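Here's the structure we're looking at; comments come further down.
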2 protein chains.
Amino acid sequence: MKYSKQRELIQNTVLENRIHPTADDVYNMLKPIHTNLSLGTVYRNLNTLVENGTIIKISMPNGSDRYDGDLSKHDHMVCDQCGKVFDIKTEGLLNIVQKIENTTDFEVRDYQLMIHGLCHNCKESKG
Amino acid sequence: MKYSKQRELIQNTVLENRIHPTADDVYNMLKPIHTNLSLGTVYRNLNTLVENGTIIKISMPNGSDRYDGDLSKHDHMVCDQCGKVFDIKTEGLLNIVQKIENTTDFEVRDYQLMIHGLCHNCKESKG
DNA sequence: TCAATATTAATAACGGTTACTGTTATTAAT
DNA sequence: ATTAATAACAGTAACCGTTATTAATATTGA
């Protein structure tokens, strides 16, 4: 499938900036150069890219959804102070989820672990 | 601390109805009898109760936050079809989280596992 | 070239939640 | 009991993130 100019820009922004950007982040990164880009276009294309399986969406407990170009199964830690999101590899989690599936009659399709706390920097700057 | 009539009603509704109600659920359960209850009051008191540690809030990826009177550490499965939320005990998850904390310089304050899929009923009614 | 289709920019609308405002209830001290 | 201070309320407006609408522009295929 052929992509529009805008969709390519949006896709590349997510893939090249591994900071788990929000839709607004993507918009603000592109807007200065692509001055007539619309926020609606960003949202629409991010959704399309998620449906395509090109990127994934991370639902954040408080605040905007974030997007991630890393398609490998992984989870996230979020710093409650600065809001930064960090990738984590959670060895063993799949086993736990499978055990739950085996004992509950629930058909698991996906799962996410979200860890909250303080990142290295914010821990230090608190003394 | 002494609670207002409304706050007691709201607290009891969450504690007695273990269906992980949304703010709107709580409102709709109380409104028929307490006809001049305000939705804003429900939100405000739910937040207060969460701050007090009387109930917990469950952030749902799509849709409204839900509230839970079960204070024991546990996680949730949500059915993508009917939206029902189920409690799960996740033995071993704490170990995984602790291992991450030990290897990452991140100070963990809390964590949640959310499983998505199909519940027993919805699995059956799909054939 | 032209019509059919897709995508866009701009903006309005939406759903969930929070903030504001004027009023009512509760508390503590006289 | 009366009053003054505080807290909580109902009602409603505002907010924020997101989605839907619309008219215009770009792309595709005959």
Side-chain angles (χ1 to χ4, degrees), chain A residues 1-14 19-52 54-68 76 78 80 83-85 112 114, chain B residues 1-14 19-52 54-68 76 78 80 83 85 114:
Chain A
M1 66 195 71
K2 180 76 167 13
Y3 276 13
S4 70
K5 180 89 185 301
Q6 290 88 339
R7 185 168 305 167
E8 266 184 24
L9 286 168
I10 291 161
Q11 172 174 338
N12 290 339
T13 302
V14 175
I19 59 166
H20 314 89
T22 65
D24 212 55
D25 289 339
V26 172
Y27 177 72
N28 287 324
M29 285 191 257
L30 292 172
K31 187 68 174 175
I33 296 144
H34 308 276
T35 50
N36 55 356
L37 177 68
S38 179
L39 183 57
T41 299
V42 174
Y43 273 104
R44 182 166 26 77
N45 282 296
L46 286 171
N47 284 338
T48 304
L49 291 166
V50 169
E51 280 159 28
N52 287 352
T54 309
I55 62 175
I56 59 171
K57 183 193 279 196
I58 314 167
S59 287
M60 302 299 292
N62 296 313
S64 310
D65 294 342
R66 290 162 168 274
Y67 298 87
D68 192 342
H76 298 95
V78 57
D80 292 330
K84 274 212 199 78
V85 174
Q112 299 87 30
M114 179 68 73
Chain B
M1 66 196 73
K2 180 80 167 10
Y3 275 15
S4 71
K5 182 90 185 301
Q6 290 89 339
R7 185 169 305 168
E8 267 184 22
L9 287 168
I10 291 162
Q11 171 174 338
N12 290 339
T13 302
V14 175
I19 57 164
H20 313 90
T22 64
D24 212 56
D25 290 338
V26 172
Y27 177 72
N28 288 323
M29 285 192 257
L30 292 172
K31 187 68 173 174
I33 295 143
H34 308 276
T35 51
N36 55 355
L37 176 69
S38 179
L39 182 57
T41 299
V42 174
Y43 273 104
R44 182 165 27 78
N45 281 296
L46 285 172
N47 284 338
T48 305
L49 291 165
V50 169
E51 279 159 28
N52 287 350
T54 309
I55 63 176
I56 59 171
K57 182 194 281 197
I58 314 169
S59 287
M60 303 299 291
N62 297 313
S64 309
D65 292 343
R66 290 162 168 274
Y67 297 87
D68 192 342
H76 298 95
V78 57
D80 291 330
V85 174
M114 177 68 73

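Treat the numbers as computed from the prediction; the structure is a model and nothing was measured. Throughout, protein chains are lettered first and strands after them, A, B, ... in sequence-line order, and every chain is numbered starting at 1.
You'll find that the side chain of Ser4(A) is closest to dT8(C), out of dA10(D), dT8(C), dC9(D).
Each of Leu37(A) and Asp65(B) lies near DNA chain C, and the nucleotide nearest Leu37(A) is the one positioned closer to the 5' end.
Rounding to the nearest 0.5 angstrom, the gap separating the CG atom in Asn45(B) from the CG atom in Asn52(B) is 9.5 Å. Atom-to-atom distance recorded for Arg66(A):CZ and His76(A):NE2 is 9.5 Å, nearest 0.5 angstrom.
Both distances falling under 3.5 Å, in either a Watson-Crick or a G-U wobble arrangement, place dA28(C) opposite dT3(D).
Sorted by first then second residue, the salt bridge (charged side-chain N to carboxylate O under 4.0 Å, His left out) pairs that include residues 54-65 of chain A, not counting sequence neighbours, are Lys57(A)-Asp65(A).
In this structure, Ser64(B) reaches the dG16(C) phosphate: one of its side-chain N or O atoms is under 4.0 Å from OP1 or OP2. Residue Gln6(A) places at least one side-chain N or O under 4.0 Å from the OP1 or OP2 atom of dA9(C).
The CD-C1' distance, from Glu8(B) to dA7(D), rounds to 16 Å in whole Å. Nucleotide dT7(C) holds its C1' atom 17 Å from the NE2 atom of His34(A), rounded to whole Å. The distance between atom CD1 of Ile58(A) and atom P of dG17(D), rounded to the nearest whole Å, is 17 Å. The distance from atom CZ of Arg7(A) to atom C1' of dT27(D) is 13 Å, rounded to the nearest whole Å. A straight line from CG of Asp25(A) to P of dT18(D) spans 11 Å, rounded to a whole angstrom. Taking atom CG of Asn36(B) as the reference point, atom P of dG22(C) lies 20 Å away to the nearest angstrom. Between the NZ atom of Lys57(A) and the P atom of dT18(D) there is a distance of 7 Å, rounded to whole Å. Atoms CZ (Arg66(A)) and P (dT18(D)) sit 11 Å apart, rounded to a whole Å.
Of the residues in residues 38-49 of chain A, those lying under 4.0 Å from DNA chain D by heavy-atom distance are Tyr43(A), Asn47(A).
The closest side-chain heavy-atom distance from Tyr3(B) to Thr54(B) is below 4.5 Å. Counting only heavy atoms from C-beta outward, the side chains of Val14(B) and Leu49(B) never approach each other to under 4.5 Å. Asp25(B) is not listed as a side-chain neighbour of Tyr67(B), based on a closest heavy-atom distance of 4.5 Å or more.
Applying the side chain to side chain donor-acceptor pair (under 3.5 Å) test to Asn12(B) and every residue at least two apart in sequence or in another chain returns nothing.
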